[in-house]
There are 2 protein chains.
Amino acid sequence: MLNYNVQNTIFHYLDKISLINNNVSKNYLFEIQDSITIIQCKKGQQFVMEGAPVNGLFFICKGRAKVLKTGIYGKEQILRFVKEGEIVGHRGFGTRKKYGISAVALEDIVLCNFSNEVLEKMLKEIPTLTYNLMLFYAEELNKSENKVKAFAQMTVKEKVIDTLIYLHRKFGQNPKGYLNLVLSRKEIADFAGTSDEQVIRILSTLKKENQIFTSGKRIGISNIDLLKKEISEHNYFINS
Amino acid sequence: MLNYNVQNTIFHYLDKISLINNNVSKNYLFEIQDSITIIQCKKGQQFVMEGAPVNGLFFICKGRAKVLKTGIYGKEQILRFVKEGEIVGHRGFGTRKKYGISAVALEDIVLCNFSNEVLEKMLKEIPTLTYNLMLFYAEELNKSENKVKAFAQMTVKEKVIDTLIYLHRKFGQNPKGYLNLVLSRKEIADFAGTSDEQVIRILSTLKKENQIFTSGKRIGISNIDLLKKEISEHNYFINS
DNA sequence: CGCTCGCTTGAAACGGCTCAACCAAAGTGG
DNA sequence: CCACTTTGGTTGAGCCGTTTCAAGCGAGCG
(Lines give C-alpha, C1' and ligand atoms only; values in the text may rest on other atoms or scores of the structure.)
Protein backbone atom coordinates (compact mmCIF):
# COMPACT_ATOMS: atom_id res chain seq x y z
CA MET A 1 0.00 0.00 0.00
CA LEU A 2 2.92 2.32 -0.56
CA ASN A 3 2.41 5.31 -2.78
CA TYR A 4 -1.33 5.04 -2.74
CA ASN A 5 -1.63 8.19 -4.78
CA VAL A 6 0.22 6.78 -7.76
CA GLN A 7 -1.82 3.63 -7.69
CA ASN A 8 -4.91 5.66 -7.55
CA THR A 9 -3.81 7.54 -10.64
CA ILE A 10 -3.08 4.40 -12.59
CA PHE A 11 -6.44 2.91 -11.72
CA HIS A 12 -8.16 6.14 -12.55
CA TYR A 13 -6.70 6.04 -16.05
CA LEU A 14 -7.19 2.31 -16.55
CA ASP A 15 -10.84 2.87 -15.80
CA LYS A 16 -11.19 4.66 -19.13
CA ILE A 17 -10.19 1.59 -21.12
CA SER A 18 -13.15 -0.70 -21.54
CA LEU A 19 -11.09 -3.60 -22.83
CA ILE A 20 -9.17 -3.64 -19.56
CA ASN A 21 -12.06 -2.56 -17.42
CA ASN A 22 -14.40 -5.28 -18.65
CA ASN A 23 -11.95 -8.14 -18.64
CA VAL A 24 -9.31 -7.62 -15.97
CA SER A 25 -10.14 -7.58 -12.28
CA LYS A 26 -8.92 -4.82 -9.98
CA ASN A 27 -6.97 -7.38 -7.98
CA TYR A 28 -5.19 -8.57 -11.06
CA LEU A 29 -4.27 -5.03 -12.04
CA PHE A 30 -3.07 -4.34 -8.56
CA GLU A 31 -0.65 -7.24 -8.78
CA ILE A 32 0.86 -6.26 -12.12
CA GLN A 33 0.84 -2.52 -11.62
CA ASP A 34 4.62 -2.33 -11.69
CA SER A 35 4.57 -3.45 -15.32
CA ILE A 36 2.16 -0.72 -16.30
CA THR A 37 3.48 2.73 -17.12
CA ILE A 38 1.58 5.98 -17.40
CA ILE A 39 3.09 8.33 -19.94
CA GLN A 40 2.38 11.98 -20.66
CA CYS A 41 2.91 13.20 -24.21
CA LYS A 42 3.01 16.70 -25.58
CA LYS A 43 1.19 17.68 -28.76
CA GLY A 44 3.14 16.57 -31.82
CA GLN A 45 5.19 14.05 -29.93
CA GLN A 46 5.75 10.66 -31.54
CA PHE A 47 5.26 7.83 -29.08
CA VAL A 48 5.38 4.86 -31.44
CA MET A 49 7.96 4.73 -34.21
CA GLU A 50 7.65 2.53 -37.26
CA GLY A 51 10.53 0.07 -37.40
CA ALA A 52 11.51 0.47 -33.76
CA PRO A 53 11.62 -2.63 -31.54
CA VAL A 54 8.28 -3.48 -30.05
CA ASN A 55 7.78 -2.27 -26.54
CA GLY A 56 4.29 -3.43 -25.66
CA LEU A 57 0.86 -2.01 -26.24
CA PHE A 58 -0.39 1.52 -25.67
CA PHE A 59 -3.82 2.58 -24.53
CA ILE A 60 -5.03 6.13 -24.88
CA CYS A 61 -6.19 7.31 -21.47
CA LYS A 62 -6.77 10.90 -22.46
CA GLY A 63 -6.57 12.90 -25.67
CA ARG A 64 -6.29 11.99 -29.34
CA ALA A 65 -3.62 10.80 -31.72
CA LYS A 66 -3.02 9.79 -35.32
CA VAL A 67 -1.70 6.41 -36.46
CA LEU A 68 0.30 6.40 -39.67
CA LYS A 69 2.82 4.76 -41.95
CA THR A 70 5.64 6.73 -43.48
CA GLY A 71 6.16 6.18 -47.19
CA ILE A 72 8.54 7.34 -49.88
CA TYR A 73 10.11 10.75 -49.40
CA GLY A 74 8.50 10.98 -46.00
CA LYS A 75 4.96 11.18 -47.34
CA GLU A 76 2.77 9.88 -44.59
CA GLN A 77 -0.37 7.84 -44.84
CA ILE A 78 -2.65 8.29 -41.86
CA LEU A 79 -4.44 5.02 -41.19
CA ARG A 80 -6.77 6.10 -38.43
CA PHE A 81 -7.32 8.51 -35.60
CA VAL A 82 -7.59 7.23 -32.06
CA LYS A 83 -9.21 8.63 -28.96
CA GLU A 84 -9.63 7.88 -25.29
CA GLY A 85 -10.01 4.20 -24.55
CA GLU A 86 -8.52 2.96 -27.81
CA ILE A 87 -5.47 0.86 -28.59
CA VAL A 88 -2.26 1.78 -30.39
CA GLY A 89 0.70 -0.37 -31.21
CA HIS A 90 -1.26 -3.48 -32.12
CA ARG A 91 0.73 -6.32 -33.45
CA GLY A 92 3.24 -5.35 -30.82
CA PHE A 93 3.65 -8.98 -29.92
CA GLY A 94 3.76 -12.46 -31.35
CA THR A 95 6.58 -13.10 -33.76
CA ARG A 96 6.77 -9.50 -34.81
CA LYS A 97 9.80 -7.64 -33.52
CA LYS A 98 9.17 -4.16 -34.84
CA TYR A 99 6.27 -1.76 -34.94
CA GLY A 100 4.57 -1.55 -38.31
CA ILE A 101 3.12 1.88 -37.65
CA SER A 102 3.94 5.22 -36.07
CA ALA A 103 1.75 7.20 -33.70
CA VAL A 104 1.79 10.93 -33.03
CA ALA A 105 -0.14 12.90 -30.40
CA LEU A 106 -2.58 15.44 -31.84
CA GLU A 107 -2.76 17.22 -28.48
CA ASP A 108 -1.38 16.72 -25.00
CA ILE A 109 -2.29 13.15 -24.15
CA VAL A 110 -1.94 10.52 -21.47
CA LEU A 111 -0.94 6.99 -22.39
CA CYS A 112 -0.79 3.73 -20.60
CA ASN A 113 1.81 1.18 -21.64
CA PHE A 114 1.70 -2.54 -20.96
CA SER A 115 5.08 -4.21 -21.40
CA ASN A 116 5.48 -7.18 -23.73
CA GLU A 117 5.92 -9.58 -20.85
CA VAL A 118 2.93 -8.59 -18.80
CA LEU A 119 0.78 -8.41 -21.88
CA GLU A 120 1.64 -11.94 -22.90
CA LYS A 121 1.04 -13.11 -19.36
CA MET A 122 -2.35 -11.44 -19.27
CA LEU A 123 -3.43 -12.82 -22.62
CA LYS A 124 -2.53 -16.31 -21.50
CA GLU A 125 -4.29 -16.03 -18.17
CA ILE A 126 -7.41 -14.08 -19.11
CA PRO A 127 -9.26 -15.75 -22.00
CA THR A 128 -12.00 -13.14 -22.24
CA LEU A 129 -9.34 -10.46 -22.69
CA THR A 130 -7.80 -12.39 -25.55
CA TYR A 131 -11.21 -13.05 -27.04
CA ASN A 132 -12.17 -9.40 -26.97
CA LEU A 133 -8.83 -8.29 -28.32
CA MET A 134 -9.33 -10.74 -31.15
CA LEU A 135 -12.74 -9.21 -31.89
CA PHE A 136 -11.13 -5.81 -31.87
CA TYR A 137 -8.58 -6.87 -34.47
CA ALA A 138 -11.23 -8.55 -36.58
CA GLU A 139 -13.21 -5.31 -36.56
CA GLU A 140 -10.15 -3.23 -37.39
CA LEU A 141 -9.34 -5.59 -40.23
CA ASN A 142 -12.81 -5.12 -41.62
CA LYS A 143 -12.41 -1.35 -41.49
CA SER A 144 -9.02 -1.50 -43.11
CA GLU A 145 -10.34 -3.66 -45.92
CA ASN A 146 -13.12 -1.17 -46.48
CA LYS A 147 -10.49 1.49 -46.80
CA VAL A 148 -8.61 -0.57 -49.36
CA LYS A 149 -11.72 -0.83 -51.47
CA ALA A 150 -12.48 2.85 -51.02
CA PHE A 151 -9.00 3.87 -52.11
CA ALA A 152 -9.22 1.68 -55.16
CA GLN A 153 -12.59 2.88 -56.36
CA MET A 154 -13.40 6.35 -55.07
CA THR A 155 -12.62 9.67 -56.69
CA VAL A 156 -10.70 12.25 -54.70
CA LYS A 157 -13.89 14.14 -53.93
CA GLU A 158 -15.52 11.03 -52.56
CA LYS A 159 -12.46 10.22 -50.47
CA VAL A 160 -12.47 13.67 -48.91
CA ILE A 161 -16.20 13.50 -48.21
CA ASP A 162 -15.70 10.07 -46.75
CA THR A 163 -13.02 11.47 -44.47
CA LEU A 164 -15.38 14.18 -43.24
CA ILE A 165 -18.07 11.61 -42.52
CA TYR A 166 -15.55 9.47 -40.69
CA LEU A 167 -14.45 12.38 -38.53
CA HIS A 168 -18.04 13.33 -37.84
CA ARG A 169 -18.89 9.80 -36.84
CA LYS A 170 -15.87 9.31 -34.67
CA PHE A 171 -15.51 12.67 -32.96
CA GLY A 172 -18.89 14.29 -33.41
CA GLN A 173 -19.62 18.00 -33.73
CA ASN A 174 -19.93 20.86 -31.26
CA PRO A 175 -23.15 22.88 -30.77
CA LYS A 176 -22.21 25.19 -33.64
CA GLY A 177 -21.86 22.24 -35.99
CA TYR A 178 -18.09 22.19 -36.25
CA LEU A 179 -16.21 18.90 -36.13
CA ASN A 180 -14.78 18.23 -32.71
CA LEU A 181 -11.35 17.47 -34.12
CA VAL A 182 -9.34 20.21 -35.79
CA LEU A 183 -6.87 18.99 -38.39
CA SER A 184 -4.62 20.71 -40.88
CA ARG A 185 -5.54 20.38 -44.55
CA LYS A 186 -2.47 18.24 -44.97
CA GLU A 187 -3.59 15.82 -42.28
CA ILE A 188 -6.94 15.45 -43.99
CA ALA A 189 -5.07 14.83 -47.24
CA ASP A 190 -2.80 12.26 -45.63
CA PHE A 191 -5.80 10.37 -44.38
CA ALA A 192 -7.80 10.66 -47.61
CA GLY A 193 -4.78 9.69 -49.68
CA THR A 194 -4.36 12.84 -51.74
CA SER A 195 -2.60 16.22 -51.67
CA ASP A 196 -3.49 19.19 -49.50
CA GLU A 197 -4.22 21.37 -52.54
CA GLN A 198 -6.74 18.81 -53.67
CA VAL A 199 -8.40 18.78 -50.27
CA ILE A 200 -8.68 22.56 -50.29
CA ARG A 201 -10.27 22.51 -53.72
CA ILE A 202 -12.84 19.94 -52.67
CA LEU A 203 -13.63 21.85 -49.50
CA SER A 204 -14.10 25.03 -51.53
CA THR A 205 -16.48 23.23 -53.84
CA LEU A 206 -18.41 21.78 -50.92
CA LYS A 207 -18.67 25.26 -49.42
CA LYS A 208 -20.15 26.59 -52.66
CA GLU A 209 -22.61 23.71 -52.59
CA ASN A 210 -23.51 24.65 -49.00
CA GLN A 211 -22.58 21.19 -47.84
CA ILE A 212 -20.07 22.55 -45.35
CA PHE A 213 -18.93 25.81 -43.76
CA THR A 214 -15.53 26.70 -42.38
CA SER A 215 -13.91 29.03 -39.91
CA GLY A 216 -10.16 28.92 -40.10
CA LYS A 217 -9.18 25.30 -39.86
CA ARG A 218 -12.52 24.33 -38.39
CA ILE A 219 -14.98 22.52 -40.62
CA GLY A 220 -18.71 22.35 -40.05
CA ILE A 221 -21.08 19.98 -41.79
CA SER A 222 -24.46 21.41 -42.78
CA ASN A 223 -26.33 18.15 -43.18
CA ILE A 224 -24.56 14.88 -42.59
CA ASP A 225 -27.22 12.83 -44.39
CA LEU A 226 -26.98 14.97 -47.48
CA LEU A 227 -23.23 14.49 -47.44
CA LYS A 228 -23.58 10.77 -47.08
CA LYS A 229 -25.79 10.68 -50.14
CA GLU A 230 -22.89 11.94 -52.21
CA ILE A 231 -21.06 8.69 -51.74
CA SER A 232 -23.93 6.36 -50.96
CA GLU A 233 -23.71 4.78 -54.37
CA HIS A 234 -20.43 3.38 -53.18
CA ASN A 235 -22.30 1.93 -50.30
CA TYR A 236 -19.48 2.69 -47.99
CA PHE A 237 -18.79 4.69 -44.89
CA ILE A 238 -15.83 4.01 -42.73
CA ASN A 239 -17.34 2.85 -39.48
CA SER A 240 -16.07 4.43 -36.29
CA MET B 1 -17.64 -45.27 -34.15
CA LEU B 2 -20.28 -45.28 -36.85
CA ASN B 3 -19.29 -44.09 -40.29
CA TYR B 4 -15.63 -44.35 -39.58
CA ASN B 5 -14.88 -43.41 -43.15
CA VAL B 6 -16.49 -40.02 -42.94
CA GLN B 7 -14.72 -39.26 -39.72
CA ASN B 8 -11.51 -40.28 -41.27
CA THR B 9 -12.16 -37.88 -44.11
CA ILE B 10 -12.90 -34.97 -41.81
CA PHE B 11 -9.79 -35.58 -39.78
CA HIS B 12 -7.75 -35.97 -42.91
CA TYR B 13 -8.81 -32.52 -44.05
CA LEU B 14 -8.56 -30.89 -40.64
CA ASP B 15 -4.98 -32.06 -40.53
CA LYS B 16 -4.13 -29.51 -43.20
CA ILE B 17 -5.15 -26.60 -41.03
CA SER B 18 -2.35 -25.69 -38.67
CA LEU B 19 -4.47 -23.38 -36.55
CA ILE B 20 -6.73 -26.31 -35.71
CA ASN B 21 -4.01 -28.89 -35.76
CA ASN B 22 -1.78 -27.07 -33.32
CA ASN B 23 -4.42 -25.97 -30.87
CA VAL B 24 -7.30 -28.44 -30.83
CA SER B 25 -6.88 -32.01 -29.63
CA LYS B 26 -8.12 -34.96 -31.65
CA ASN B 27 -10.46 -35.86 -28.82
CA TYR B 28 -12.00 -32.44 -28.84
CA LEU B 29 -12.52 -32.56 -32.59
CA PHE B 30 -14.05 -35.98 -32.29
CA GLU B 31 -16.64 -34.65 -29.90
CA ILE B 32 -17.70 -31.71 -32.00
CA GLN B 33 -17.45 -33.36 -35.39
CA ASP B 34 -21.18 -33.04 -35.99
CA SER B 35 -20.80 -29.26 -36.04
CA ILE B 36 -18.10 -29.41 -38.68
CA THR B 37 -19.04 -29.61 -42.32
CA ILE B 38 -16.86 -30.53 -45.26
CA ILE B 39 -17.91 -28.75 -48.45
CA GLN B 40 -16.86 -29.33 -52.04
CA CYS B 41 -16.88 -26.31 -54.34
CA LYS B 42 -16.58 -26.13 -58.10
CA LYS B 43 -14.35 -23.58 -59.80
CA GLY B 44 -16.02 -20.18 -59.92
CA GLN B 45 -18.46 -21.00 -57.18
CA GLN B 46 -19.12 -18.36 -54.53
CA PHE B 47 -19.12 -19.83 -51.05
CA VAL B 48 -19.20 -16.64 -48.98
CA MET B 49 -21.45 -13.79 -50.00
CA GLU B 50 -21.00 -10.20 -48.85
CA GLY B 51 -24.00 -9.08 -46.86
CA ALA B 52 -25.35 -12.56 -46.23
CA PRO B 53 -25.95 -13.66 -42.63
CA VAL B 54 -22.88 -15.08 -40.99
CA ASN B 55 -22.65 -18.81 -40.98
CA GLY B 56 -19.39 -19.56 -39.24
CA LEU B 57 -15.81 -19.71 -40.38
CA PHE B 58 -14.37 -21.48 -43.43
CA PHE B 59 -11.01 -23.16 -43.70
CA ILE B 60 -9.50 -24.06 -47.04
CA CYS B 61 -8.61 -27.74 -46.96
CA LYS B 62 -7.68 -27.99 -50.61
CA GLY B 63 -7.38 -25.59 -53.51
CA ARG B 64 -7.32 -21.81 -53.81
CA ALA B 65 -9.81 -18.98 -53.72
CA LYS B 66 -10.09 -15.22 -53.94
CA VAL B 67 -11.52 -12.96 -51.26
CA LEU B 68 -13.15 -9.76 -52.44
CA LYS B 69 -15.53 -6.89 -51.89
CA THR B 70 -18.01 -5.85 -54.52
CA GLY B 71 -18.16 -2.14 -55.21
CA ILE B 72 -20.10 0.23 -57.40
CA TYR B 73 -21.45 -1.16 -60.66
CA GLY B 74 -20.23 -4.60 -59.66
CA LYS B 75 -16.56 -3.66 -59.87
CA GLU B 76 -14.80 -6.04 -57.55
CA GLN B 77 -11.80 -5.39 -55.34
CA ILE B 78 -9.83 -8.54 -54.60
CA LEU B 79 -8.39 -8.25 -51.11
CA ARG B 80 -6.30 -11.41 -51.02
CA PHE B 81 -5.88 -14.88 -52.38
CA VAL B 82 -6.10 -17.85 -50.04
CA LYS B 83 -4.73 -21.34 -50.23
CA GLU B 84 -4.76 -24.60 -48.31
CA GLY B 85 -4.74 -24.15 -44.55
CA GLU B 86 -5.97 -20.56 -44.57
CA ILE B 87 -9.06 -18.90 -43.16
CA VAL B 88 -11.96 -17.25 -44.93
CA GLY B 89 -14.99 -15.55 -43.46
CA HIS B 90 -13.21 -13.89 -40.57
CA ARG B 91 -15.25 -11.56 -38.51
CA GLY B 92 -17.97 -14.11 -38.91
CA PHE B 93 -18.70 -13.81 -35.23
CA GLY B 94 -18.98 -11.35 -32.40
CA THR B 95 -21.51 -8.61 -32.88
CA ARG B 96 -21.29 -8.78 -36.64
CA LYS B 97 -24.30 -10.31 -38.29
CA LYS B 98 -23.28 -10.23 -41.93
CA TYR B 99 -20.21 -11.14 -43.92
CA GLY B 100 -18.15 -8.16 -44.98
CA ILE B 101 -16.51 -10.01 -47.86
CA SER B 102 -17.24 -12.48 -50.61
CA ALA B 103 -15.18 -15.54 -51.51
CA VAL B 104 -15.01 -17.36 -54.83
CA ALA B 105 -13.23 -20.62 -55.68
CA LEU B 106 -10.45 -20.27 -58.27
CA GLU B 107 -10.50 -24.01 -58.89
CA ASP B 108 -12.29 -27.05 -57.47
CA ILE B 109 -11.76 -26.77 -53.74
CA VAL B 110 -12.60 -28.45 -50.46
CA LEU B 111 -13.75 -26.35 -47.51
CA CYS B 112 -14.34 -27.00 -43.90
CA ASN B 113 -17.00 -25.00 -42.09
CA PHE B 114 -17.28 -24.48 -38.36
CA SER B 115 -20.69 -23.24 -37.27
CA ASN B 116 -21.05 -20.06 -35.23
CA GLU B 117 -22.01 -21.99 -32.12
CA VAL B 118 -19.18 -24.49 -32.11
CA LEU B 119 -16.69 -21.80 -33.00
CA GLU B 120 -17.71 -19.65 -30.07
CA LYS B 121 -17.61 -22.67 -27.81
CA MET B 122 -14.11 -23.56 -29.00
CA LEU B 123 -12.79 -20.04 -28.60
CA LYS B 124 -14.08 -19.90 -25.05
CA GLU B 125 -12.68 -23.28 -24.10
CA ILE B 126 -9.33 -23.26 -25.90
CA PRO B 127 -7.31 -20.16 -25.02
CA THR B 128 -4.37 -20.97 -27.27
CA LEU B 129 -6.74 -21.19 -30.23
CA THR B 130 -8.11 -17.75 -29.44
CA TYR B 131 -4.61 -16.41 -28.91
CA ASN B 132 -3.38 -17.71 -32.25
CA LEU B 133 -6.46 -16.51 -34.07
CA MET B 134 -5.83 -13.11 -32.56
CA LEU B 135 -2.27 -13.16 -33.87
CA PHE B 136 -3.60 -14.14 -37.26
CA TYR B 137 -5.92 -11.14 -37.34
CA ALA B 138 -3.19 -8.84 -36.13
CA GLU B 139 -0.97 -10.01 -38.95
CA GLU B 140 -3.77 -9.66 -41.51
CA LEU B 141 -4.44 -6.17 -40.25
CA ASN B 142 -0.82 -5.27 -40.76
CA LYS B 143 -0.93 -6.57 -44.32
CA SER B 144 -4.14 -4.73 -45.04
CA GLU B 145 -2.70 -1.49 -43.74
CA ASN B 146 0.32 -1.96 -45.95
CA LYS B 147 -2.05 -2.31 -48.85
CA VAL B 148 -3.81 0.92 -47.90
CA LYS B 149 -0.51 2.74 -47.97
CA ALA B 150 0.48 1.08 -51.22
CA PHE B 151 -2.77 2.07 -52.91
CA ALA B 152 -2.41 5.64 -51.77
CA GLN B 153 1.18 6.11 -52.88
CA MET B 154 2.11 3.72 -55.67
CA THR B 155 1.76 4.23 -59.40
CA VAL B 156 -0.14 1.68 -61.44
CA LYS B 157 3.08 0.10 -62.63
CA GLU B 158 4.29 -0.32 -59.08
CA LYS B 159 0.99 -1.80 -58.00
CA VAL B 160 1.09 -4.37 -60.78
CA ILE B 161 4.69 -5.27 -59.99
CA ASP B 162 3.76 -5.52 -56.36
CA THR B 163 0.97 -7.91 -57.27
CA LEU B 164 3.39 -10.12 -59.20
CA ILE B 165 5.78 -10.20 -56.25
CA TYR B 166 2.90 -11.03 -53.94
CA LEU B 167 1.80 -13.92 -56.14
CA HIS B 168 5.36 -15.15 -56.44
CA ARG B 169 5.82 -15.03 -52.72
CA LYS B 170 2.55 -16.68 -51.90
CA PHE B 171 2.26 -19.33 -54.59
CA GLY B 172 5.80 -19.72 -55.90
CA GLN B 173 6.82 -20.65 -59.41
CA ASN B 174 7.09 -23.91 -61.33
CA PRO B 175 10.38 -25.26 -62.73
CA LYS B 176 9.95 -23.21 -65.89
CA GLY B 177 9.62 -20.04 -63.86
CA TYR B 178 5.90 -19.48 -64.32
CA LEU B 179 3.79 -18.38 -61.38
CA ASN B 180 1.95 -21.30 -59.84
CA LEU B 181 -1.37 -19.45 -59.93
CA VAL B 182 -2.95 -18.58 -63.26
CA LEU B 183 -5.22 -15.55 -63.17
CA SER B 184 -7.05 -13.57 -65.81
CA ARG B 185 -5.76 -10.08 -66.54
CA LYS B 186 -8.91 -8.76 -64.99
CA GLU B 187 -8.29 -10.61 -61.74
CA ILE B 188 -4.80 -9.15 -61.56
CA ALA B 189 -6.34 -5.74 -62.18
CA ASP B 190 -8.97 -6.25 -59.51
CA PHE B 191 -6.28 -7.05 -56.99
CA ALA B 192 -3.92 -4.26 -58.04
CA GLY B 193 -6.76 -1.76 -58.11
CA THR B 194 -6.71 -0.77 -61.76
CA SER B 195 -8.19 -1.79 -65.12
CA ASP B 196 -7.30 -4.86 -67.16
CA GLU B 197 -6.07 -2.73 -70.07
CA GLN B 198 -3.65 -1.04 -67.73
CA VAL B 199 -2.38 -4.39 -66.47
CA ILE B 200 -1.82 -5.58 -70.02
CA ARG B 201 0.13 -2.46 -70.87
CA ILE B 202 2.36 -2.83 -67.83
CA LEU B 203 2.93 -6.51 -68.58
CA SER B 204 3.86 -5.62 -72.16
CA THR B 205 6.34 -3.07 -70.91
CA LEU B 206 7.83 -5.51 -68.43
CA LYS B 207 8.19 -8.05 -71.23
CA LYS B 208 10.11 -5.54 -73.32
CA GLU B 209 12.32 -4.88 -70.31
CA ASN B 210 12.90 -8.64 -69.99
CA GLN B 211 11.57 -8.56 -66.47
CA ILE B 212 8.92 -11.15 -67.25
CA PHE B 213 7.85 -13.59 -69.97
CA THR B 214 4.40 -14.90 -70.75
CA SER B 215 2.73 -17.86 -72.36
CA GLY B 216 -0.98 -17.36 -72.73
CA LYS B 217 -2.28 -16.33 -69.35
CA ARG B 218 0.79 -17.68 -67.60
CA ILE B 219 3.33 -15.20 -66.32
CA GLY B 220 6.95 -15.98 -65.59
CA ILE B 221 9.32 -13.79 -63.62
CA SER B 222 12.90 -13.57 -64.88
CA ASN B 223 14.55 -12.32 -61.74
CA ILE B 224 12.48 -11.69 -58.67
CA ASP B 225 15.13 -9.54 -56.99
CA LEU B 226 15.40 -7.28 -59.99
CA LEU B 227 11.64 -6.87 -59.94
CA LYS B 228 11.66 -6.05 -56.26
CA LYS B 229 14.19 -3.30 -56.89
CA GLU B 230 11.63 -1.51 -59.04
CA ILE B 231 9.51 -0.77 -56.02
CA SER B 232 12.09 -0.99 -53.27
CA GLU B 233 12.12 2.76 -52.85
CA HIS B 234 8.62 2.34 -51.53
CA ASN B 235 10.03 -0.06 -49.07
CA TYR B 236 7.05 -2.26 -49.37
CA PHE B 237 6.19 -5.80 -50.37
CA ILE B 238 2.95 -7.39 -49.41
CA ASN B 239 3.98 -10.17 -47.12
CA SER B 240 2.51 -13.60 -47.77
C1' DC C 1 -16.86 -23.08 -89.63
C1' DG C 2 -18.39 -19.34 -87.13
C1' DC C 3 -19.05 -17.79 -82.62
C1' DT C 4 -17.54 -16.06 -78.22
C1' DC C 5 -14.49 -14.67 -74.82
C1' DG C 6 -10.46 -12.76 -73.21
C1' DC C 7 -6.20 -10.53 -74.59
C1' DT C 8 -4.00 -6.61 -76.83
C1' DT C 9 -3.18 -2.05 -78.64
C1' DG C 10 -4.26 2.75 -79.97
C1' DA C 11 -6.17 7.18 -79.26
C1' DA C 12 -8.67 10.62 -76.93
C1' DA C 13 -10.64 12.66 -72.82
C1' DC C 14 -10.44 13.30 -68.07
C1' DG C 15 -8.89 13.78 -63.48
C1' DG C 16 -5.45 14.52 -60.31
C1' DC C 17 -0.80 16.06 -59.27
C1' DT C 18 2.72 19.44 -59.12
C1' DC C 19 4.59 23.88 -59.47
C1' DA C 20 4.18 28.52 -58.44
C1' DA C 21 2.37 32.65 -56.80
C1' DC C 22 -0.39 34.99 -53.46
C1' DC C 23 -2.62 35.78 -49.07
C1' DA C 24 -3.81 35.75 -44.10
C1' DA C 25 -2.69 34.86 -39.48
C1' DA C 26 0.34 34.22 -35.99
C1' DG C 27 4.70 34.51 -33.94
C1' DT C 28 9.40 36.80 -33.34
C1' DG C 29 12.78 40.11 -32.54
C1' DG C 30 14.60 44.63 -32.66
C1' DC D 1 4.87 48.70 -31.34
C1' DC D 2 5.99 47.71 -35.82
C1' DA D 3 8.49 45.28 -39.42
C1' DC D 4 9.87 40.79 -40.49
C1' DT D 5 9.53 35.94 -40.86
C1' DT D 6 7.18 31.80 -40.87
C1' DT D 7 3.51 28.73 -41.43
C1' DG D 8 -0.47 27.09 -43.48
C1' DG D 9 -4.34 28.10 -46.49
C1' DT D 10 -5.93 29.19 -51.22
C1' DT D 11 -6.17 29.51 -56.18
C1' DG D 12 -4.63 29.07 -61.02
C1' DA D 13 -2.35 26.74 -64.83
C1' DG D 14 -0.02 23.17 -67.20
C1' DC D 15 1.49 18.63 -67.41
C1' DC D 16 1.28 13.75 -66.93
C1' DG D 17 -0.72 9.41 -65.77
C1' DT D 18 -4.74 6.85 -65.89
C1' DT D 19 -9.20 5.75 -67.49
C1' DT D 20 -12.28 4.89 -71.00
C1' DC D 21 -13.80 3.91 -75.53
C1' DA D 22 -13.13 1.49 -79.65
C1' DA D 23 -11.33 -1.75 -82.72
C1' DG D 24 -8.55 -5.79 -83.91
C1' DC D 25 -6.67 -10.28 -82.83
C1' DG D 26 -6.26 -15.14 -81.48
C1' DA D 27 -7.49 -19.30 -79.11
C1' DG D 28 -10.94 -22.42 -77.76
C1' DC D 29 -15.45 -24.53 -78.40
C1' DG D 30 -19.97 -25.92 -79.90
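Quick note on labels: first sequence line is chain A, next is B, and so on, each numbered from 1. What you see is a predicted model, and the numbers here were worked out from it, not measured in a lab.
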Nearest-neighbour nucleotide for the B/K207 side chain, D/dT11, D/dT18, C/dT8 considered: C/dT8
Rounded interatomic separation in angstrom, taking CG from A/L183 and P from D/dT7: 20 Å
Separation of atom CE in B/M154 from atom P in D/dT18, rounded to whole Å: 13 Å
B/E145 side-chain N/O to A/L79 backbone N/O, donor-acceptor pair under 3.5 Å: no
Under-4.0 Å side-chain N/O to phosphate OP1/OP2 contact, A/T194 with C/dC17: yes
Short side-chain N/O contact to C/dC17 OP1/OP2 from A/Q198, under 4.0 Å: yes
Smallest separation among heavy atoms of A/L141 and B/Y137, with atom names: CD2-CD2, 4.0 Å
Under 4.0 angstrom between A/R185 side-chain N/O and D/dT10 OP1 or OP2: yes
Heavy-atom pair with the smallest gap, counting every atom of B/E158 and B/M154: OE1-CA, 3.4 Å
B/I202 CD1 to C/dT8 C1', straight-line distance once rounded to whole Å: 14 Å
Atom-pair distance (CG on B/D190; C1' on C/dG6), nearest Å: 14 Å
A/L203 CG - D/dT11 P separation (whole Å): 10 Å
Output field: ring centroids B/Y13/B/F59 closer than 6.0 Å: no
Flag side-chain contact, heavy atom, 4.5 Å: B/E76 against B/K66: yes
Upstream residue (5' side of DNA chain C) when A/K157 and B/S204 are each assigned their closest nucleotide: B/S204
Interatomic distance where CG belongs to B/D196 and P belongs to C/dC5 [whole Å]: 15 Å
Options C/dC7, D/dA22, D/dG9, nucleotide nearest the side-chain atoms of B/E197: D/dA22
Donor-acceptor pair under 3.5 Å, A/R201 side chain vs C/dG15 base: no
Of the listed nucleotides C/dG16, C/dT18, D/dT18, the one nearest the side chain of A/V156: C/dG16
Sugar-phosphate, base or nothing in reach of B/S195, heavy atoms under 4.0 Å: base
Separation of C/dC17 P from A/K186 NZ (nearest whole Å): 14 Å
Gap between atoms CD1 and P, on B/I200 and C/dG10 respectively (whole Å): 12 Å
